[in-house]
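Here the structure is laid out as structure tokens; the discussion comes afterwards.
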Amino acid sequence: RSLRWLGERLNVCPNTVRRLLRERTYSLQANRKRLSGKAHPDREAQFGHIEAQIQAFLERGWPIISVDAKKRELIGPFRNAGRLWCQTPPDVNTYDFPSLAEGVAIPYGIYDPTHNRGYVFVGTSRNTAELAVDAVAWWWSIYGQRLFPNAPALLTLADGGGSNGYRNRLWKYSLQHKIANVTRLAVTVSHYPTGASKWNPIEHRLFGPISTNWAGEPLISHAKTLNLIRGTTTQQGLVVHARLSRKKYRTGIKVPDDQMEALYLHPDDFLPAWNYTIKPHPD
């Protein structure tokens, strides 16, 4: 309620209302995002399971990747949060209208904790499960198979929702046909519980440093965006690779029941909705 509204009902002036409120330690306050809702009963158990999976793959020298999509960015002279050292601040558009953009950038990231390396597949259309799996296929074909020769399995850590969510049928279908069947890797996937995406290593090991590196820099072109991503590093020696993809991805693709049943998908005994392995189809 406004001071004027309160004053009219108390028959005093707004300044008097302000003084009385301050005497009682009231002040203008904004909402705080602090309530996370009721935690899933299996939240802590899933964290323990993920850590056990990570340790098992590390001991065997098998690949582990953490994946997620970063926020969609408009390409052009638009304001980018943060500040940078310069003599004159860059001029940007007053309004962030998509119609003023030269395009969009959808950074889909892959983080390899074993080697502290990041890989960003920058899409230019939509964030879909096909984009996510194409990013993993790109990483494996160019980098992964060289870093992990003869590995029989791949552990993938992903959020619970979005293009790589545990309910996303196209995510699982694409992993089967573009990764498992092609690379002959058994793809083990463990999802973080809903509301726990900040625990996914990619968030603070890759996306955080990228956001810091391009803070205050208008992403005026795809070339500049890629350069800023590739130029990201940390004191721990993070190295980041990036590629632009102009492939057009469609939304609304449905995977019917018969195609899902044909997948070589093996749910884990522990929380099978969040943990499963997609194996190559037998020859």
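These values consider heavy atoms only, across backbone and side chains, with no hydrogens, waters or symmetry-generated copies.
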Self-check item: Aromatic ring proximity, centroids under 6.0 angstrom, W138 and F121
Solution: yes

Quiz item: Are the aromatic rings of Y276 and H191 close, with centres under 6.0 Å apart?
Solution: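 When the ring centroids of Y276 and H191 are compared, they turn out to be within the sub-6.0 Å range.
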
Self-check item: Residues K178, D134: salt bridge by 4.0 Å N-O rule
Solution: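 A salt bridge is present here (some side-chain N lies under 4.0 Å from a carboxylate O).
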
Quiz prompt | Lys/Arg N to Asp/Glu carboxylate O, E8 vs R4, below 4.0 Å | solution =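 A salt bridge is absent here (no side-chain N lies under 4.0 Å from a carboxylate O).
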
Quiz item: What distance do R146 atom CZ and W140 atom CH2 have between them, rounded to the nearest 0.5 Å?
Solution: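 Separation between the atoms: 12.0 Å.
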
Would you say the side chain of [Y] lies within less than 4.5 Å of the side chain of [X], judging by non-hydrogen atoms?
X    : Y    : result
I229 : V122 : yes
I50  : Y192 : yes
H177 : L263 : yes
R117 : Y111 : no
T16  : R18  : no
T156 : V187 : yes
N127 : R72  : no
E130 : L170 : yes

Would you say [X] and [Y] are hydrophobically clustered, going by side-chain heavy atoms of ILVMFWY under 4.5 Å?
X    : Y    : result
L157 : W171 : no
Y95  : V104 : yes
I106 : Y249 : yes
L206 : V239 : no

Self-check item: Test item: T114 side-chain N/O and G61 main-chain N/O as donor-acceptor pair under 3.5 Å
Solution: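 Checked: no pair found.
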
Quiz item: Is the backbone N or O of G161 less than 3.5 Å from a side-chain atom of N168, with the two atoms forming a donor-acceptor pair by type?
Solution: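 Between the backbone of G161 and the side chain of N168 there is no qualifying donor-acceptor contact (under 3.5 Å).
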
If we ignore angles and hydrogens, is there a donor and acceptor under 3.5 Å between the side chains of [X] and [Y]?
X    : Y    : value
D68  : Y108 : no
Q46  : N275 : yes
Q55  : E51  : yes
N181 : Q176 : yes
T128 : S163 : no
S27  : Q29  : yes

Exercise. List the atom of A180, the atom of I278, and the distance in Å for their closest heavy-atom pair.
Key: CB-O, 3.8 Å

Quiz item: Looking only at heavy atoms, what is the nearest atom pair of P107 and F207, with distance?
Solution: O-CZ, 4.4 Å

Practice problem: I would like to know whether K70 and I202 meet side chain to side chain contact (heavy atoms under 4.5 Å, CB included); could you show each step before the answer? | Solution: CA-CA 10 Å; K70 203 175 187 301; I202 194 172; over 6 Å; no

Quiz item: Would you call the rings of H115 and F148 parallel, tilted or perpendicular, where under 30° means parallel and over 60° means perpendicular?
Solution: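 Answer is perpendicular, since the angle exceeds 60°.
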
Self-check item: Parallel, tilted or perpendicular: ring planes of H266 versus Y264, cut at 30 and 60 degrees
Solution: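 The arrangement is perpendicular - the two ring planes meet at more than 60°.
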
Exercise. Using a cut-off of 6.0 Å, state whether more than 12 heavy atoms not belonging to K254 lie near its atom NZ.
Key: no

